[in-house]
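Inspection log for the structure reproduced underneath, given as structure tokens.
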Amino acid sequence: MAGSSITTALGDLGGLGSAGLAWLETRMVGLLAEGSIWTTGMPAAKSNHAGPIDSDYAFITIICTIFFVPITIALVYFAFRYKKAPGEKAESDVSHNTPLEVTWTVIPMLIVVVMFYIGFRHANMMYAAPADAYTVHVTASQWSWSFLHPSGAQMGGDIGKLSPDRKARETTDPDLGLHLPPGVPIRLVMNSTDVLHSFYIPEFRVKQDVVPGKTSSLWFTPDLPEGDEPDMYWLLCTEYCGKDHSNMLSAVYVHPTMESFLQWQTRATALDPDNPVESGAKLYVRKGCATCHSVAPDGSGPNTGPTWSGLWGLSADEHQVHEGSPTGPKRGVAMTGEAGEEYLRESIRNPTALWREGYIQPMAAVKVDDTELFFLIEYIKSLGKQ
Amino acid sequence: MSEHESHGDGHHAHHPHQAHHWDSMRQQFEAGKLGMWLFLATEVLLFGGLFCAYFIYRANYPELYEYGHHALDKVWGAINTVVLLVSSLTMALAVRASQVGNRKQLQAMLAITFLCGCGFMGIKAVEYKAKIDHGYLPGKLFNYAKTIEHEHEGHAHDGDHHDDHHGDGVAHAEGVFGAPAVSVVAPLEQTAQAQPAAPPSGLSASASRVAGDHAEHGHEDGDHGGHDGYLPVDGRPPNIHIFFSIYFMMTGLHGIHVLIGMAVIAWLLVVCRDGRFGPSYFTPVEIGGLYWHLVDLIWIFLFPLLYLI
Amino acid sequence: MNPPETAAATSTQVAEAPAVPNHYLNHSKGFLSWALTLDHKRIGLMYLVGVLGCFALGGIFALLVRTELWAPGDTIAGMFASPGSSPQEVYNMWFTVHGAVMVFLVIIPGVPAALGNFVLPIMLGAKDVAFPRLNLGSFYLWVIGALFFVYTLFNGGVDGGWTFYTPYSASQATNVIPALLGVFILGFSSIFTGMNFVVTIHKLRPPGMTWFRMPLFLWGSYATALIQVLATPVLGITLLLLIMEKTLHVGIFSPEYGGDPVLYQHFFWFYSHPAVYIMILPAMGIVSELISVHSHKRPFGYQFIAYSSIAIAVFGFLVWGHHMFTSTQSPAMNAIFSAITFSVSIPSAIKVFNWLATMWGGSIRLTVPMLYGLAFIFLFSIGGLTGLYLGTLSTDIHFHDTYFVVAHFHYVMMGSALIGMFGGVHHWWPKMVGRHYNGTLARISWALIFVGFNVTFFTQFLLGSQGMPRRYYDYLPRYEIYHKISTVGSYMMAAGFLIMAFYLLQSIFGGRKSPANPWGANTLEWHCTSPPPHDNFATAPAIEDCYDYSGIDYDAKIGGYTSRANP
């Protein structure tokens, strides 16, 4: 009997507690609506996770203000109110006041319990994706993103470039990057081919490390664009990953209508068999080759990998290719033969088998079918004619 | 040091080994002992990191341990455990001898402890040599070709010695005291086809090229790989080099500690000749003993974890 | 107790020449008398010189980083790039060197090894630390560790960030191994210092110095020393494992060889989170002294402050997982680490309230050390409160690895730990060198550092909440205005530190002579002459209540205070 009444009492207490928290939450949502003074500093809120995170942010900011302002006032006030000439004795010789000290121990303790709870609840909402989510496979490599859609459409990221007046970062091609359909939950399944990366879109308030050897995922539902054009955001890498960490960006588009998204999907999958060079040029950007290999005749542009310009037909002496990978166990023998079909085929499908002198960054294998491989090689061939 | 001279003289007569900032020999001794215990705590934590790695990888890849520990020689391991236990006893007796000021006994006990240390390192060297010869080495040094070759040798030996001497499948190799040395690989019938072992698997496609295109063998369950002292390469779990990495890092770090302990004991042997240790001053022997016991204790954990389970 | 001057004279061999009082600085002469000294005060001073030198080095790299971030794209790094490297590689090495030097060579040894060595034994009433030779050994280990860093600098630098996360650190070709060996050696230096302090406090407390009579700085140092002893070995083995992974591919941290990169993060933060408390706890101890001494009032709630130091040290071991909320750690682990993390905030809050209550009703002198104490409370409040955003699971997802984190830990590491250390340097400087620095210049420098610091780093909170990731060489133009303000702030701080270097050096040669007790303190180090005699105390000092200021009177003639009980 006694035991059960205690449990009931505890249950009542728990009920009271959660009722109290629910009350607090409704007050908070009212107080902390988007754009309120307490969310100052946060970027635009553009996904379903932004609301809860911003309300937690506002809650913590209010608590911090409640503590920080009186502390600072007391600090400055005491420093001048009790400033005295040398040798004057202190006005008080109080050494402690246990009730007061217990009070300022217990009150912060209760506050942080609430703080932990709201953060815990809102974070829990972010772990499991809804079952009907649209899933995109994301591959992170040094230093590019690649997105594979259920339709088979694959797109490299768009790192954009700084405008000449250095006032804006401009996208290079509106078809590149992560394109998302409107109004559905998006689930990203992510893998890394080399080192740690982290997927971050500030406006969506999502961040998840991409760990080599593991699969990580995250989900969000982006807000619908207000106009007829897709909304554009920047995806940033937030885990230090080496040389071009700060250039590991990609444009992210949320389409306003399903129609607009499907149009992109058609463009993204279309290749013209009658025009292999042009198709190869498309694949060059879609498959992410453009992140590391330049195609400009003067060799300008990215230089992490060898330039494709003039690559076709280089003799063995000229391009100095070795077996094995530069960081792997076998630093090997110089290969004979020129940079021909066989060499390119091997280097795209199995890039760590051969490496070229002077380029230490190993490349991740690129998944291409035979047709795509043909287009790419045709494209490289076309760049070789000088 | 001039610091010592300038204050010692002002005070009452001190023990020659009492530093100027202590009030008494007892205070100095207790501080030394507390300091040593703290140092031992740091040593435990240093090894703790390795034990932690051991258990995490044991949880992640239990098959590595089940498979790999058969390559280690339980007999030599057990002998080494006894050697270290004996040395701990003699070290304790040495501390006792220094406390009562029995210089002869102190020297004898320290000498026996030192010799036990030598014996331990000698046996360790024999074990390491066998591992090196057969290619069971950590990380990238792990020699797949040699382990396969070694398996074939084991096959050849099988007819000669296997039935005659060691029904449990431990083949013969030469040890310093003529005791059975290294438990080498003895093959199973199935391994006659001699498939290559699985190399490190991971992200790098290049690694799998080292041993050809057989990385898939890692998926085969090594149901015959984990008993009777056999180390067949067929069915060997992938990344077996991790087990030998952990083995060499743990026993290697422990070996370095044994060597340091032996150096301390050798130093004690040298300095104790003047009879400086007695009831009023035996701190160095005491804390040297504490260190030696710790080294011993760590082995007591290493032996079952690596050799037996 | 004897008058301090007499006590010093009787213990020395030059008592017949009282015109030049014998103290630890002139006790013996020559290079070897310093290089082989066993005197904790000389070792502390050598550490201080080394730490401040490394602070200048780390500061130069900070200014390079800030200058590069003046505008998007290449600003100055391109000028430093050699033909084989790119500007972003140069920048990446700058922030790696800045972080590693500041953490491992400056802040961790800063207060415990430099100030702690000088002050701790005298404050305790001991003649030296428990193991003087080990103490000198620690110093030389520090020097060797520093030389490893200098080697990496002249050998092409090191990349990877001060955290050296795997697998990037295990796969890249810069000087990671020499840097790791340097940190490994510095770790042992730190362990030996910690052991020395724990044993000193346990075994060298003179009769009468009970645990709860110890000055609060000693409580802070004791808690720090415990962490140094218990956490650093784990860093040591982690770095050894990483070196093994790099050289032998043992398959522990690199997925390529079967390892787990997140395991490295667990190992690393198991040390490095407690290491945060190695940095902040002794600074909190200093501030407890500064506030009490310069308010001439006993610390309010002495026992709460003392216990909170120990509580922070204990909780500090249990929260490392909060660095990994987004690194594929399981939700349950996230929740547990978040909950424990909040528990660390409580003892920190207690300290702030107690410091304020100490000032209430005191007799406050706004001396330079007191100004640093006040700055500490202000900056630590911001640093501590912004930690709440990062301990909360939901908001941390947004802030993790952005400039918000950078700003938070600069408020705690620099705004608190280093400002506390500089407060200590200004507090004990007259004791160390026997001379006063120029007060006006010191106030100007303080103002520049305080304002410059807030301009630099408060801006970075805004940058971080806007989503600017850390360790970025280039950035989206929308962040530019904040970066510009932040860079201006860093130049203000640099100006402040240059002035500080000037007046501290100038004081050694031309400063006004300091009396034994210039601040009116009552802890034991102020009862001996300035600078202290070689042996600290000729006769065992009388241990009294070190926070009783009733018997301390100001004497305008000597410009300092005298003790009524010990005139």
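Remember, it's a predicted structure, so these values are computed and weren't measured experimentally. Throughout, a chain's letter reflects where its sequence line sits, starting with A, and its residues are numbered from 1.
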Practice task
Please examine the side chains of A:R169 and C:P477, heavy atoms only from C-beta on, and report whether any two atoms are closer than 4.5 Å.
Solution key: yes

Handout entry: side chain to side chain contact (heavy atoms under 4.5 Å, CB included) partners for C:I346, two or more places apart
Key = A:T105, A:P108, A:M109, A:V112, C:I350

Problem - C:N334 and A:Y127 side chains, donor-acceptor separation under 3.5 Å - result: yes

Problem - Under 3.5 Å: donor-acceptor pair, side chain of A:R205, backbone of C:I397 - result: no

Completion exercise
Looking only at C:R365, C:R471, C:E89, most heavy-atom pairs under 4.5 Å shared with chain A are made by C:R365

Handout entry: Donor-acceptor contact present, side-chain A:K207 to main-chain C:H398, <3.5 Å
Key = yes

Exercise for the section: Could you tell me which of C:G384, C:G520, C:G361, C:P469 has the largest number of non-hydrogen atom pairs under 4.5 Å with chain A? Expected result: C:G361

Practice task
Find the one option among C:D260, C:D396, C:L462, C:L463 whose heavy-atom pairs under 4.5 Å with chain A are most numerous.
Solution key: C:D260

Exercise for the section: Report yes if some heavy atom in the side chain of A:E101 is under 4.5 Å from a heavy atom in the side chain of C:F300; otherwise report no. Expected result: yes

Fill in the blank from the handout: Counting heavy-atom pairs under 4.5 angstrom with chain A, the leader among C:Y91, C:F304, C:Y547, C:Y475 is C:F304

Problem - Close side-chain approach of C:Y389 and A:T61, heavy atoms under 4.5 Å - result: yes

Practice task
Output all residues satisfying salt bridge (charged side-chain N to carboxylate O under 4.0 Å, His left out) with C:R470, sequence neighbours left out; order by chain, then residue number.
Solution key: C:D401

Practice task
Can you see which heavy atom on A:P202 is nearest to which on C:Y479, and at what distance?
Solution key: CG-OH, 4.4 Å

Exercise for the section: Using distance alone, with no hydrogens and no angle criterion, decide if A:D93 and C:Y549 have a side-chain donor and acceptor under 3.5 Å apart. Expected result: no

Completion exercise
Answer key: most heavy-atom pairs under 4.5 Å with chain A among C:L374, C:D548, C:N354 is C:N354

Problem - Donor on one side chain, acceptor on other, A:D56 and C:T395, under 3.5 Å - result: no

Problem - A:K89 side chain near C:S550 side chain, heavy-atom distance below 4.5 Å - result: no

Exercise for the section: Ignoring hydrogens and angles, tell me if any N or O in the side chain of C:T328 forms a donor-acceptor pair with the backbone of A:S216 under 3.5 Å. Expected result: no

Practice task
Determine yes or no for a side-chain-to-main-chain donor-acceptor pair under 3.5 angstrom, with A:Q208 supplying the side chain and C:T326 the backbone.
Solution key: yes

Handout entry: Options C:F399, C:F461, C:F353, ranked by heavy-atom pairs under 4.5 Å with chain A, top entry
Key = C:F353

Practice task
Decide whether C:S394 and A:Y57 meet the rule of one side-chain donor and one side-chain acceptor closer than 3.5 Å.
Solution key: no

